[in-house]
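Let me begin by presenting the structure, written as structure tokens, before commenting on it.
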Protein chains: 2
Amino acid sequence: MTAEGEELAGWARMLADGTRATVCLALLDGRAWTASELARLAKVSRPTISEHLNQLVSGGLLTEVRQGRHRYVKLAGPDTAELLEGLAALTPRRTEVANSLAAVSKRDAFARARTCYDHLAGKLGVALADAMTERGLIDWSDGIALTAEGQAWLEDLGIELEVRRGRPALRSCLDVTERRPHLAGAVGAALCKHALRHDWVTHIPGGRALKVTGSVQAFGLPVRVVKELQPGPRET
Amino acid sequence: MTAEGEELAGWARMLADGTRATVCLALLDGRAWTASELARLAKVSRPTISEHLNQLVSGGLLTEVRQGRHRYVKLAGPDTAELLEGLAALTPRRTEVANSLAAVSKRDAFARARTCYDHLAGKLGVALADAMTERGLIDWSDGIALTAEGQAWLEDLGIELEVRRGRPALRSCLDVTERRPHLAGAVGAALCKHALRHDWVTHIPGGRALKVTGSVQAFGLPVRVVKELQPGPRET
DNA sequence: GGGACCGTTCGGTGGGGGCCTAACTGTGGG
DNA sequence: CCCACAGTTAGGCCCCCACCGAACGGTCCC
């Protein structure tokens, strides 16, 4: 066999296992998944999925983000996703992959809004990051940073940053339920503290979940989003 | 693992072996290769390549044409070729695959023109099929057939078909050196007989190779092609 | 700090698959 | 008709690798 052949075979080998292929197809939704979720989906043990993820990551098909005790993996880039789509297109039927975790906790208060350490998470946290990005308060071009407008906006809200040694002012944090980044760091903490102090959000006893009031719109969120964040009349 | 994952893995598994990958890359040139050639290229035994080709053909990635004691395989279609290109593009360097057989016999009389059973083959045979196709004498839309113009052309040349029971009038035959179809069947045989009778081509003793004269242009071949078919002054 | 949970490492097991040699079938050329 | 050659079948070898259970760090929540 030739060297090129061996190289091509190396790529193919990553997808040549049913478990790894299942993982990649699940990741086609563009979100980041944890190792345990993938193990459950693929119906294998955690040690097994761990090895598979090692292969896929070191092979360059997947990238990972380690966060606390979690290991999030997602497709390395749009090109690999495209390639995967092309291969998947060869299979006749293609059913939508079941996103078990999201489906289960979708209407849960936990998924709507909660604290993540000292900052806001859930749909609320992600929506806040989105809104600030849209309004030019955050610059993602090189890592993540506040723009001059962003700093002015914080001052307008009366928010002061707690400067602590070694802690970055603004950090992005992958949201557990939304799988998209929300805001952490000193800014994230200050925003959360601010919202709690003014009762824009309140802790729901027995967990990290938050109850959201209409006042959070003061963060500049779209009206539609704020409505979705508030529980219906029957819910707590 | 899921059913879709298993399906995707099935496709990937075909390419997950260095030998099979090498075969597929070689076949990217669009030509048909024999099993032995591929075995030589991939540096494995003939039994081994036979099994690999079974897998690739039954998997739908390759199609085969059995012809006498030869087994020609080529990529199933342009879509699979495209997919393969996409995968191959992931590998950094891609060297041109060495087409050993063609390189060796390229300037050989055998490759230029010869008989194949009772019809013309080699560059001559393929060029003849091409020329007839270009002039609307052959219709490839459903199998292969002579058009009305084609039948008239044969009559003009003074060619009569030997009608034999069970033999199709016109058949395409995969050329050994060119890997593209030339003409067989009653028409192919008649054309060959005609060319030999009028000394447009003559047998080179000791083989099936033919010497080509300028008269073959009467078949309607392009001038450039006829020139290439004739050996240089030093050659036999 | 205690308990729960996520993930990893280690050792062992079983199955699958790629490869070969030897022997056989079938085709084609002279 | 006989030899040469393309390809296949059969049998066996061996390595790779997917998988699991058990045990072990790390992290987070209360």
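Just so we're on the same page: letters track the sequence lines, and every chain starts at 1.
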Nucleotide [N], atom [atom2] - distance to [atom1] of [X] in whole Å:
X: B/L38; N: C/dC19; atom1: CG; atom2: C1'; result: 17 Å
X: B/L15; N: C/dG18; atom1: CG; atom2: P; result: 12 Å
X: B/Q67; N: C/dT27; atom1: CD; atom2: P; result: 13 Å
X: B/H52; N: D/dA6; atom1: NE2; atom2: C1'; result: 18 Å
X: B/E64; N: D/dA6; atom1: CD; atom2: C1'; result: 14 Å
X: A/I49; N: C/dT9; atom1: CD1; atom2: P; result: 15 Å
X: B/D17; N: C/dG16; atom1: CG; atom2: P; result: 17 Å
X: A/R71; N: D/dC28; atom1: CZ; atom2: C1'; result: 19 Å

Working to the nearest 0.5 angstrom, can you tell me the gap between [X] [atom1] and [Y] [atom2]?
X: B/L61; Y: B/L75; atom1: CG; atom2: CG; answer: 6.5 Å
X: A/H119; Y: A/L128; atom1: NE2; atom2: CG; answer: 11.0 Å
X: A/R20; Y: A/Q55; atom1: CZ; atom2: CD; answer: 4.0 Å
X: B/F219; Y: B/H194; atom1: CZ; atom2: NE2; answer: 6.0 Å
X: A/L120; Y: A/L210; atom1: CG; atom2: CG; answer: 6.5 Å
X: A/W33; Y: A/R40; atom1: CH2; atom2: CZ; answer: 9.5 Å

Listed nucleotide nearest any side-chain atom of [X], set [options]:
X: A/R66; options: C/dG18, C/dT8, D/dG7; result: C/dT8
X: A/H70; options: D/dA4, C/dG7, D/dG26; result: C/dG7
X: A/R69; options: C/dT8, C/dA4, D/dC20; result: C/dA4
X: B/V44; options: D/dC20, D/dA18, C/dC20; result: C/dC20
X: A/T19; options: D/dT8, C/dC19, D/dC19; result: D/dC19

When the rotation axes relating C1' atoms of four end pairs to the next four are compared across the helix from C/dG1-D/dC30 to C/dG30-D/dC1, five pairs an end, they differ to 10° by 40°
For nucleotides 10-16 of chain D, 5' to 3', base contacts (B), sugar-phosphate-only contacts (S) and non-contacts (-) with protein non-hydrogen atoms under 4.0 Å give -------
When all nucleic acid strands are considered with a 4.0 Å heavy-atom cut-off, which category describes [X]: base, sugar-phosphate, or nothing?
X: B/Q55; result: sugar-phosphate
X: B/S45; result: base
X: B/T48; result: base
X: A/R46; result: base

>> So, OP1 or OP2 of D/dG7: does either fall under 4.0 Å of a side-chain N or O from B/S36?
In response: yes
Using a cut-off of strictly less than 4.0 Å, decide whether A/S50 has a side-chain nitrogen or oxygen near OP1 or OP2 of C/dT8.
-> yes
Next on the checklist: Has A/T22 got a side-chain atom pairing as donor or acceptor with B/T2's backbone, closer than 3.5 angstrom?
Outcome noted: yes
Q. Between B/T213 and B/V201, is there a donor-acceptor pair closer than 3.5 Å when you use the side chain of the first and the backbone of the second?
A. no
For residues 41-50 of chain B, tabulate all N or O donor-acceptor pairs below 3.5 Å that involve a side-chain atom, not counting sequence neighbours.
from: B/S45; atom 1: OG; to: B/T48; atom 2: N; distance (Å): 3.4
from: B/S45; atom 1: OG; to: B/T48; atom 2: OG1; distance (Å): 3.0

Ionic contact status for B/R13 with B/E6, cut-off 4.0 Å: yes
